[in-house]
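All values reported here derive from a predicted model rather than from experimental measurement.
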Amino acid sequence: MLSRRTALHGALAALSAGVAAPLLSATPRAARKPPRLRAGDIVGLVEPAGFSADAFELSLAQETIMAMGLVPRTAPHVAARSGYLAGTDEERAADINAMYADDAVRAVFAVRGGWGCARILPYLDFGLIRRNPKLLIGFSDITALHLAFAARAGFTTIHGPNAASSWGDLSWQAFRGLVFDGATPTYSNPAASEDRLVQRMWRTHVIRDGKATGPLVGGNLTVLSALVGTPYLPGFDGAILFLEDVDEAEYRIDRMLTQLALAGILRRVAGVVFGQCTSCRATGPSYGGFTLSEVLEHHFGPLGVPVFQGAMFGHIANQFSLPVGAMAEIDAGAGTIRVLEAAVA
């Protein structure tokens, strides 16, 4: 008798191969590159989603920018609050528009994530943003902006730590090389200092071996799946899809990946890197379902493209900076992401 798992593999393979394509814009191979950062550059600080809990968090973000040798320029509404948001939708969008209109500002950092970036997309002046390419830096809910910029603006953005993130040495070195030096790094997880015969921390897991090349597209899975069917999602033909998440049970990861499969997105990609899924485990005493690795195997195994899990990006203290829209090569067996072109001019 056909096993339940075999049937599920077959069904997902059929979904990935046969579902009609969604209405998506072109896959975002970045046509233009923002300027690289140099010591003394002015950079904008915006809060496009959640608000800072107190002034100390904002001070730490400003001091972090200064420690990079940069000069922070805080947007007018960063200290605002509207419910769980850092000001109204119009105010948060106005801050971003103003930063892209200001010739003195060389890049834009999100102070933090949370929720709310998707709400401001209709208020962003993408014509203005497109005419003034500048690095946008952040992760988590900032994924909505990365994807919208990829679809509408046509230049590279950086999926990396927010300004208020912890910025350990790995995060800083990865970011500095990419946006100050214009480097094309090869990212691989570091060796962990463990008293074990075999390393367990920061391991990568191969779902399907092989190499693949394409533009990097992705970010937070929850945010990306919520943009399906909107005009703010870029294309995925031949892309390297990278995903991460936090505080999502296995069945919710399953549900969101099923949505991407049903939308015809998964069958379009050239390869997949699933980074860190922090606290992604159901905690109910009665839960006895699939593990996260099994969920990923169900969805990505039938695609026939290289896939690996565990790269260091996501809701962790140290993470890689990934240039959205830039060409990259992944080697699933080696667990590496090699950036093939400079993210900045």
Side-chain angles (χ1 to χ4, degrees), residues 24-37 41-49 65 70 72-78 80 85-114 116-160 162-163 178-179 215-220 223-224 226-227 230-235 239 321-326 341-345:
L24 299 172
S25 58
T27 305
R29 171 71 188 277
R32 293 178 298 160
K33 297 178 181 179
R36 71 185 61 205
L37 292 181
D41 279 350
I42 297 172
V43 298
L45 288 178
V46 297
E47 287 191 327
I65 296 301
L70 304 170
R73 177 170 293 180
T74 304
H77 300 103
V78 162
L85 303 170
T88 67
D89 295 343
E90 292 86 350
E91 288 171 340
R92 301 192 321 280
D95 281 353
I96 293 178
N97 290 335
M99 290 299 179
Y100 279 89
D102 188 341
D103 291 337
V105 173
R106 301 284 287 179
V108 181
F109 280 80
V111 174
R112 65 186 308 276
C117 288
R119 293 175 55 130
I120 71 173
L121 296 180
Y123 302 103
L124 294 179
D125 186 342
F126 284 103
L128 168 70
I129 293 169
R130 188 165 50 249
R131 293 190 300 270
N132 297 279
K134 304 174 187 182
L135 289 175
L136 170 74
I137 301 127
F139 83 109
S140 192
D141 196 62
I142 314 306
T143 294
L145 299 181
H146 289 308
L147 295 172
F149 277 40
R152 299 291 191 88
F155 57 80
T156 311
T157 61
I158 303 298
H159 181 280
N162 298 316
L178 200 65
V179 307
L216 287 165
V217 188
N220 182 266
V223 176
L224 190 157
L227 288 182
T230 76
Y232 302 105
L233 197 67
S321 285
L322 300 177
V324 180
E341 60 179 332
V344 291

Residue pair Asp125 / Ile96, side-chain heavy-atom distance below 4.5 Å: no
From Lys33 atom NZ to Thr156 atom OG1, the distance as rounded to the nearest 0.5 Å: 7.0 Å
Approximate separation, where rounding is to 0.5 Å, of Ile65 CD1 and Ile42 CD1: 13.0 Å
Qualifying residue for side chain to side chain contact (heavy atoms under 4.5 Å, CB included) with Leu145, from Leu124, Ile129, Val324, Val223: Leu124
Ala49 to Gly113 - nearest heavy-atom pair and separation: CB-O, 3.3 Å
Expected output: side-chain Arg36 to main-chain Val179 donor-acceptor under 3.5 Å: no
Distance (rounded to the nearest 0.5 Å) between Asp95 CG and His77 NE2: 5.5 Å
Rounded distance [0.5 Å steps], CG in Leu45 versus CD1 in Ile137: 10.0 Å
Nearest non-hydrogen partners of Ala343 and Pro323, listed with the distance: CB-CB, 3.7 Å
Nearest-0.5 Å distance, CD of residue Glu90 to OH of residue Tyr123: 4.0 Å
Worked check of side-chain contact (heavy atoms from CB on, under 4.5 Å) between Arg92 and Val46: CA-CA 8 Å; Arg92 301 192 321 280; Val46 297; over 6 Å; no
Least distance between heavy atoms, Leu147 atom then Gly218 atom: CD2-O, 3.9 Å
From CG (Leu216) to NE2 (His146), nearest 0.5 Å: 12.0 Å
pair Ser321-Phe139: side-chain heavy atoms closer than 4.5 Å: no
Residue pair His159 / Thr143, side-chain heavy-atom distance below 4.5 Å: yes
Shortest non-hydrogen separation from Leu121 to Ala144 and the atoms involved: CD2-O, 4.1 Å
Residue among Glu91, Glu47, Arg119 satisfying side chain to side chain contact (heavy atoms under 4.5 Å, CB included) with Leu85: Arg119
Test applied, side chain to side chain contact (heavy atoms under 4.5 Å, CB included); reference residue, Ile158; option that passes from Leu322, Leu178, Val344: Leu178
Expected output: side-chain Asn132 to main-chain Leu128 donor-acceptor under 3.5 Å: yes
Closest non-hydrogen atom pair, Arg73 against Ala104: NH1-CB, 3.9 Å
Tyr100 side chain vs Lys134 backbone, donor-acceptor pair below 3.5 Å: yes
Minimum heavy-atom distance Asp141-Gly114, with the two atoms named: CB-O, 3.4 Å
